Amino acid sequence: LFIGTDNDGIFIFSKQTGKWQNFRSDKSNSNSLSGNNISGLAFDQKGALWCSILGAGVVSWDPLTLKFTRYANFSRLNIETIYPDRSGKIWCSAWAGGIYMIDSKSKKIYSNYDASCYLNKQLPYSLVSSFMEDKNGLLWLSTAEDGIVSFNQKTGKSAVYKKNPDNANSISDNLVW
């Protein structure tokens with residue numbers, strides 16, 4: 001059981017020992033959490049734990065070494081949401097700070113705020129509240145002002161589903177969690 005807390009880092013409960021282990025930020029240890037205000041936890045396909053941390057960015061945790069890897073590009077951002085997809089991409093959103101994608105293989109970071117990045121044109125949203133991948137590989141984003149967005153990573157095309165007062169079958173609000 002993994003629990004991210006508001007100011008105490010991450011707690012891990014071991015069923016085998018019945019004990020809790022606490023991981024916290026330690027400024028003198030670069031292999032520790034970068035902050036203690038955890039906003040999201042998610043495991044990728046390889047078993048690494050990815051953590052979004054308010055005001056301290058993104059870290060990944062290797063369960064074999066018990067070490068965290070910090071991603072410096074995010075160090076001051078309020079990363080709200082983190083989501084590993086099946087292809088090894090880690091999707092993150094910073095509140096009013098855009099969308100970021102980490103290629104877990106190359107460790108390269110892409111941002112939709114970078115005009116040279118393909119995400120800039122396909123996903124120009126700044127307030128993403130969650131990500132989800134469907135069985136067909138479409139990435140779905142809920143936003144705090146633009147409704148729901150589906151993004152086909154293979155074709156680079158996206159579709160937006162917004163509230164339409166003239167259509168009773170549209171979504172009920174553009175604020176979606």
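What you are looking at is a predicted structure, and each value in this text was computed from that prediction instead of being measured. Note: hydrogens, waters and symmetry copies are ignored here, and every other heavy atom, side chains too, is used.
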* Asked: Would you say Ser39's side chain and Ile79's backbone share a donor-acceptor pair under 3.5 angstrom?
  -> yes

* To do: Only counting residues at least two apart or in another chain, list the ones meeting salt bridge (charged side-chain N to carboxylate O under 4.0 Å, His left out) with Lys67.
  => none

* Asked: Do side-chain atoms of Thr5 reach the backbone of Gly9 as a donor and acceptor pair under 3.5 angstrom?
  -> yes

* To do: Could you check Met132 against Leu141 for side chain to side chain contact (heavy atoms under 4.5 Å, CB included), going step by step and ending with a plain yes or no?
  => CA-CA 7 Å; Met132 185 62 62; Leu141 296 74; over 6 Å; no

* Asked: Just by modelled atom types, is the Leu138 backbone N or O under 3.5 Å from a matching donor or acceptor in the Asp134 side chain?
  -> yes

* To do: Without swapping roles, check the side chain of Ser104 against the backbone of Gly88 for a donor-acceptor pair under 3.5 Å.
  => yes

* Taking the side chain as every heavy atom from C-beta outward, state whether Ile102 and Val58 have any pair of such atoms under 4.5 Å apart. => yes

* **Pair Tyr100 and Tyr110, ring centroids less than 6.0 Å apart** => no

* To do: Give a yes or no on whether the backbone of Ser129 and the side-chain of Ser93 come within a donor-acceptor separation of less than 3.5 Å.
  => no

* Asked: Between Phe68 and Asp62, is any pair of side-chain heavy atoms under 4.5 Å apart?
  -> no

* Does the separation of the ring centres of Phe2 and Phe43 fall below 6.0 angstrom? -> yes

* Structure fact -> For Ser34 and Val59 the tightest heavy-atom approach is OG-CG1, 3.5 Å

* For Asn164, does its backbone N or O pair with a side-chain atom of Ser170 as donor and acceptor, under 3.5 Å? -> yes

* Side chains of Ser130 and Thr81, donor plus acceptor under 3.5 Å -> no

* Asked: Do the side chains of Tyr71 and Cys92 get nearer than 4.5 Å, heavy atoms only?
  -> no

* Ile12 vs Phe23 side-chain heavy atoms within contact, under 4.5 Å -> yes

* With the threshold set at 4.0 Å, does a side-chain nitrogen-carboxylate oxygen contact exist between Asp146 and Lys162? -> yes

* Step-by-step side chain to side chain contact (heavy atoms under 4.5 Å, CB included) determination, Gln153 to Lys89 -> CA-CA 11 Å; Gln153 296 182 63; Lys89 295 176 183 141; 3.0 Å; yes

* Asked: Would you say the side chains of Asp85 and Gln45 form a donor-acceptor pair under 3.5 Å?
  -> no

* Checking Asn22 side chain against Ile10 main chain: does a donor-acceptor pair fall under 3.5 Å? -> yes

* Asked: Given the side-chain rings of Trp91 and Tyr83, with only the six-membered ring counted for Trp, is the space between their centroids under 6.0 Å?
  -> no

* Asked: Is the backbone N or O of Asp26 less than 3.5 Å from a side-chain atom of Ser32, with the two atoms forming a donor-acceptor pair by type?
  -> yes

* To do: Indicate yes or no for a side-chain donor-acceptor contact from Thr143 to the backbone of Ile148 under 3.5 Å, with no hydrogens or angles considered.
  => no

* Do Arg24 and Asn36 come close enough that some side-chain heavy atom pair is under 4.5 Å? -> yes

* With Asp44 via side chain to side chain contact (heavy atoms under 4.5 Å, CB included) - residues at least two apart -> Lys46, Ala48, Trp50, Pro84, Ile90

* Asked: Above 12 or not: heavy atoms from other molecules or residues under 6.0 Å from NZ of Lys107?
  -> yes

* Min side-chain heavy-atom separation Phe131-Ile82 under 4.5 Å -> no

* Asked: What are the two closest non-hydrogen atoms of Asn78 and Leu54, and how far apart are they?
  -> OD1-C, 3.4 Å

* Check: Ile53 main-chain N/O paired with Asn37 side-chain donor or acceptor under 3.5 Å -> no

* Asked: Any side-chain donor paired with an acceptor under 3.5 Å for Ser60 and Arg70?
  -> no

